[in-house]
Number of protein chains: 2
Amino acid sequence: MICRLIIADDHVLFNDAIKTMLEQEQGIEVVGQVFSGEKVLAAVKREEPDLILLDIKMPGMTGIEVAGAIRDCYPGIRIMILSMYDDKRFVQECKKYNVHGYMLKNASREELVNGIWTVMEGRPYYAAGLGEKVNIHQQDDFIRRYNLTKRELEIIRLVKENYTAQDIADRLFLSVYTVETHRRNINLKLGIKNTLALVKFAEDNEI
Amino acid sequence: MICRLIIADDHVLFNDAIKTMLEQEQGIEVVGQVFSGEKVLAAVKREEPDLILLDIKMPGMTGIEVAGAIRDCYPGIRIMILSMYDDKRFVQECKKYNVHGYMLKNASREELVNGIWTVMEGRPYYAAGLGEKVNIHQQDDFIRRYNLTKRELEIIRLVKENYTAQDIADRLFLSVYTVETHRRNINLKLGIKNTLALVKFAEDNEI
DNA sequence: ATAGAAATACCGACTTGTCGGTATTTCCCC
DNA sequence: GGGGAAATACCGACAAGTCGGTATTTCTAT
């Protein structure tokens with residue numbers, strides 16, 4: 001089997017390096033390189049590749065948007081997301097859009113090539129330990145590390161989404177007092193002084 | 001001239017791909033690959049390379065920390081930062097630490113190779129339009145787009161760093177009232193309701 | 001030189017967050 | 001089934017942010 005593919009990644013060096021690497025593989029031919037989301041569709045039209053290696057964060061359109069567009073216009077073309085982010089939401093969204101594969105940028109060369117051929121054979125390729133499981137695991141780790149409870153974690157997530165204590169109380173059918181108590185306990189456990197610090201902490205720990 | 005180098009980047013695929021790419025270059029030899037900040041020093045000790053390609057964001061130690069340690073122990077070894085981020089602070093810090101080069105991951109293959117040889121010849125290599133100039137440009141764009149003033153931008157940056165209005169007032173030798181007035185005007189111009197939203201806005205727009 | 005923008009400053013009122021203490025109920029493990 | 005953790009709830013006090021209005025001084029560009 002031969003795989004004609006396009007690489008879509010705005011990091012030129014990464015894009016080039018992957019190209020160089022894949023050109024050494026038997027049966028893989030890099031027929032195009034693009035460096036922004038908008039240009040993917042034009043390149044696909046021009047080359048009609050078998051597969052697209054697609055970064056998520058690109059200027060213009062995100063990889064997930066591009067994937068949706070390609071699925072609609074060219075259902076035969078395989079799509080492999082190539083992302084830095086092992087993010088539950090991204091992975092879930094990809095599954096929702098029927099993206100064929102999701103590979104992390106800290107995969108090895110062998111994994112990438114295996115993934116490409118897996119997807120080419122029509123099977124989905126989602127790297128082991130990707131998405132939900134990992135996140136649940138991380139969540140457990142986090143709870144243990146800081147002695148947080150489930151409720152506290154739930155409230156951290158809502159605080160991060162910029163809900164006020166009152167908002168959270170309404171949403172969870174609690175008293176504002178309760179929410180504030182939880183927040184106080186959270187701050188105590190994490191050694192935090194204010195909302196902003198909590199949000200940054202949560203983002204740093206990818207809650 | 002021959003350049004024996006180590007690649008330090010936690011994204012395995014990128015690391016491998018760069019290795020593959022550089023191995024095709026005359027005179028460049030990849031003598032080591034590491035995937036975390038802590039392991040760089042051991043590899044340096046083992047291989048005593050001429051140059052290190054160093055990512056900034058790595059688990060364990062940041063590239064900038066590593067650079068400092070290497071400069072102290074092995075002043076002869078050239079360091080080239082290879083980062084995604086065209087961030088003023090990173091670039092300034094690298095200059096402060098006398099890092100020899102700073103290359104963006106969206107450079108081209110030619111640029112990378114040129115940069116490596118430039119640094120090998122003892123000259124600094126900081127990609128064109130890097131650091132201050134670029135940031136000033138971005139800053140101007142931002143000011144124009146949202147009709148912000150310099151003072152307002154200054155205050156946004158401090159708010160982002162989790163300073164309270166009082167802190168900012170102390171720092172800039174202003175009255176709290178003044179700072180609050182600025183903040184109100186900022187919120188008005190950006191259509192923002194609270195501190196957290198402002199911080200997120202600032203982060204999204206890379207202020 | 002002068003008009004308009006920017007920066008500075010203040011007041012009062014209200015909201016939201018932080019922190020101290022305290023107390024009851026609910027749930028789960030041994 | 002009993003004990004401890006978790007979740008729920010309240011009060012008061014103070015700190016910080018939000019918002020309305022207003023006013024003076026300092027730049028700056030025409």
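Within every chain, numbering begins at 1; the chains are lettered A, B, ... in the order of the sequence lines, protein sequences first and strands thereafter. Predicted, not measured: the structure shown is a model, and the values here were computed from it.
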Considering only side-chain heavy atoms of Thr149(B), which listed nucleotide, dA6(C), dA9(D), dA6(D), is closest? dA6(C)
Please state whether the base of dG17(C) and the side chain of Arg184(A) form at least one donor-acceptor pair under 3.5 Å? no
Considering only heavy side-chain atoms of His182(A), the closest of dC19(D), dA7(D), dC19(C) is dA7(D)
For dT18(D), does OP1 or OP2 lie under 4.0 Å from any side-chain N or O of Thr195(B)? yes
Please report, rounded to the nearest Å, how far the P atom of dG17(C) is from the CG atom of Asn194(B). 8 Å
So what does Glu180(A) touch, heavy atoms closer than 4.0 Å: a base, only the sugar-phosphate, or nothing? base
Go through dC10(C), dG17(C), dT8(C) for me and flag the one nearest to the Ala165(A) side chain. dG17(C)
Whole-Å distance separating the CG atom of Asn185(B) from the P atom of dA5(C): 13 Å
Is Arg183(A) side chain donor-acceptor paired with the dG17(C) base, going by distance under 3.5 Å alone? no
Within the structure shown, what part of the strands sits under 4.0 Å from Arg151(A) by heavy-atom distance: base, sugar-phosphate, or nothing? sugar-phosphate
Go through dG20(C), dG20(D), dC10(D) for me and flag the one nearest to the Thr181(A) side chain. dC10(D)
Between dA9(C), dT18(D), dA7(D), which one does the side chain of Asn187(B) approach most closely? dT18(D)
Atom NZ of Lys193(B) with >12 non-hydrogen neighbours under 6.0 angstrom: no
From CG of Leu153(B) over to P of dA5(C), roughly how many Å is that when rounded to an integer? 20 Å
At 4.0 Å (heavy atoms only), tell me whether Thr178(B) reaches a base, stays on the sugar-phosphate, or touches nothing. base
